[in-house]
Q: 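First the structure, which I've put down as structure tokens, then a few questions once you've had a look.
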Amino acid sequence: MRAQAGKELTGRIVIVALAAILLVAAPFVVYPIFLMKALCFALFACAFNLLIGHGGLLSFGHAAFFGSAAYMCGYAARDLGLTPELSILFGTTAAALLGFVFGALAIRRHGIYFAMVTLALAQMVYFFTVQAPITGGENGMQGIPRGHLFGIIDLNNTLAMYAFVVTVFLIGFAILHRTVESPFGQTLRAIRDNENRAISLGYDANGYKLLAFVISAAIAGLAGATKALVFQLASLTDVHWTMSGEVVLMTLIGGLGTTFGPVVGAFIIVAMQTYLAESGSWVMAIQGATFIVCVLMFREGIVGTLSKLLSRERLPAPRA
């Protein structure tokens, strides 16, 4: 047992070390803007995975938190003149408050009814952003300044901005991972598997689901606010229902309920959108074909299936 635990610990250290090397070397090999966009969406997918993968709650309205935080961050940075860290905090807080309101309404329903309620509430946010004077309407909120981090580091420098995005991603990922591995995460999975039994044991199922919803909304808002600074723009695309569909696709392709699955899925989808942009509408067709292939060949997502195969190889051979 100790030897197996030691091997698992060594494996995790190797994975972390390789990930650190890749993050440091990546901007010198790959276009940094692509990496920053992929990391923002990876964090968004990880936030969504907390809700659906560990809470069993399918939300079709997560774009509301992603987009609203982008707009609030842009408003704070451009119109209020706040520093980047305060602007992101402003947007994240707005997303968390919106998540509390939406969650309190949505968790009263289950299954497809929960999904439809979240979609309807998200569409309200979309129509608000179309009409509100501060959002810029169909033109979006443009000219969002990156500013100076803590008044010292100029984020207009691409490498400085990349380092900041990596830091934000790691902080958000660490919060989600700690949440999942905590007793709260274990209780949340128990509620997902058998809510009635969890209630009979004395757990407040709605309270746990609401807290998970708020945490997921806040981290999704953190991703959206960071993306607004990267592109210096917040647009209607960020709050559109198709954005909610994309994050579902990222999570399912990577692996529902896995640690790194949403990250892998986000990088795959963003890579398709970036490098197949010249194909026009064929991008959607290719994404659909990729999704079908993953559903047929990787029932548990790419990362989930690979993890299952590796775990089988580690099992000792049966005795004759």
Side-chain angles (χ1 to χ4, degrees), residues 32-33 35-48 61-102 122 125-126 128-158 160-173 175-176 214-240 243-244 246-247 266:
I33 297 297
L35 292 172
M36 288 187 278
K37 179 180 179 181
L39 286 171
C40 290
F41 278 104
L43 185 58
F44 184 27
C46 288
F48 179 75
H62 249 51
F65 314 121
F66 184 81
S68 63
Y71 277 104
M72 290 296 99
C73 176
Y75 174 74
R78 189 189 67 178
D79 299 338
L80 299 181
L82 298 182
T83 56
E85 67 277 5
L86 291 179
S87 299
I88 288 180
L89 182 61
F90 186 82
T92 304
T93 303
L97 293 175
L98 190 65
F100 177 80
V101 175
F102 282 16
V125 175
Y126 174 79
F128 173 80
T129 54
V130 172
Q131 301 294 333
I134 65 171
T135 60
E138 294 182 356
N139 295 323
M141 183 177 289
Q142 304 179 23
I144 299 174
R146 289 182 177 178
H148 289 72
L149 186 64
F150 303 116
I152 301 173
I153 304 173
D154 186 7
L155 294 183
N156 291 302
N157 181 286
T158 303
M161 188 67 209
Y162 172 77
F164 177 63
V165 172
V166 170
T167 303
V168 171
F169 169 78
L170 292 176
I171 292 173
F173 186 83
I175 292 173
L176 290 171
V214 172
I215 295 174
S216 179
I219 301 299
L222 178 63
T226 306
K227 178 180 173 290
L229 287 185
V230 170
F231 291 95
Q232 299 182 274
L233 170 71
S235 66
L236 290 177
T237 306
D238 297 331
V239 291
H240 199 258
M243 183 64 73
S244 298
E246 283 186 13
V247 75

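Just so it is clear, the model here is predicted, and its values are computed rather than measured.
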Q: Would you say the side-chain atoms of Ser235 pair up with the backbone N or O of Gly140, donor to acceptor, closer than 3.5 Å?
A: no
Q: What pairs with Tyr75 under ring-ring contact (aromatic ring centres under 6.0 Å, His included), at least two apart in sequence or on another chain?
A: none
Q: Just how far is it from atom CD1 of Ile219 to atom CD1 of Ile175, taken to the nearest 0.5 Å?
A: 4.5 Å
Q: Residues two or more places apart in sequence or in another chain: which of them pass side chain to side chain donor-acceptor pair (under 3.5 Å) with Asn156?
A: Asp154
Q: Listed by chain and number, what are the side chain to side chain donor-acceptor pair (under 3.5 Å) partners of Asn157, not counting sequence neighbours?
A: none
Q: Report the distance from atom CE of Met36 to atom CE of Met161, rounding to the nearest 0.5 Å.
A: 6.5 Å
Q: Roughly how far, to the nearest 0.5 Å, is the CZ atom of Phe150 from the CG atom of Leu155?
A: 9.5 Å
Q: Measure the shortest side-chain to side-chain distance between Thr92 and Phe65 over non-hydrogen atoms and say whether it is less than 4.5 angstrom.
A: no
Q: Under the side-chain contact (heavy atoms from CB on, under 4.5 Å) test, which residues partner Thr167, sequence neighbours left out?
A: Ile171
Q: I'd like to check the side-chain contact (heavy atoms from CB on, under 4.5 Å) partners of Ala96; sequence neighbours left out, ordered by chain and number.
A: Val214, Ala218
Q: Report yes if some heavy atom in the side chain of Val125 is under 4.5 Å from a heavy atom in the side chain of Phe102; otherwise report no.
A: yes
Q: Check side chain to side chain donor-acceptor pair (under 3.5 Å) between Thr83 and all other residues, then give those that pass, not counting sequence neighbours.
A: Glu85
Q: Taking everything shown except Phe231 itself, do over 12 heavy atoms lie less than 6.0 Å from its CZ?
A: yes
Q: Which residues pass the ring-ring contact (aromatic ring centres under 6.0 Å, His included) test with Phe44, not counting sequence neighbours?
A: Phe66
Q: I'd like to check the ring-ring contact (aromatic ring centres under 6.0 Å, His included) partners of Phe90; sequence neighbours left out, ordered by chain and number.
A: none
Q: In Å, rounded to the nearest 0.5 Å, how long is the span from CG of Leu82 to CG of Leu89?
A: 9.5 Å
Q: Can you name the closest pair of heavy atoms from Leu233 and Asn139 and give their distance?
A: CD1-O, 4.4 Å
Q: Measure across Leu222 and Thr226 and return the closest heavy-atom pair with its distance rounded to 0.1 Å.
A: O-OG1, 2.7 Å
Q: Can you pull the salt bridge (Lys or Arg N to Asp or Glu O under 4.0 Å) pairs that have at least one residue in residues 222-231, sequence neighbours excluded?
A: Lys227-Asp238
Q: Identify the heavy atoms of Ala70 and Ala228 that sit nearest to each other, and give their distance.
A: O-CB, 3.6 Å
Q: Of the non-hydrogen atoms in Val166 and Leu39, which two are nearest, and what is the gap between them?
A: CG2-CD1, 3.7 Å
Q: How many angstroms lie between CE in Met72 and CG in Leu97, if you round to the nearest 0.5 Å?
A: 11.5 Å
Q: Arg146 side chain to Leu229 main-chain N or O, any donor-acceptor pair under 3.5 Å?
A: yes
Q: Can you sort out the partners of Ala122 under side-chain contact (heavy atoms from CB on, under 4.5 Å), two or more places apart, ordered by chain and number?
A: Ala64
Q: Which pair of non-hydrogen atoms, one from Thr158 and one from Pro32, has the smallest distance, and what is that distance?
A: CG2-CB, 3.6 Å
Q: Using the test side chain to side chain donor-acceptor pair (under 3.5 Å), find all partners of Ser216 that sit at least two apart in sequence or belong to another chain.
A: His62
Q: Quick one: closest heavy-atom pair of Gly221 and Ala95, and the distance?
A: CA-CB, 3.6 Å
Q: Test of understanding: with side-chain contact (heavy atoms from CB on, under 4.5 Å), list the residues that count as partners of Phe128, not counting sequence neighbours.
A: Ala132
Q: Report the distance from atom CG of Leu86 to atom CG of Leu80, rounding to the nearest 0.5 Å.
A: 10.5 Å
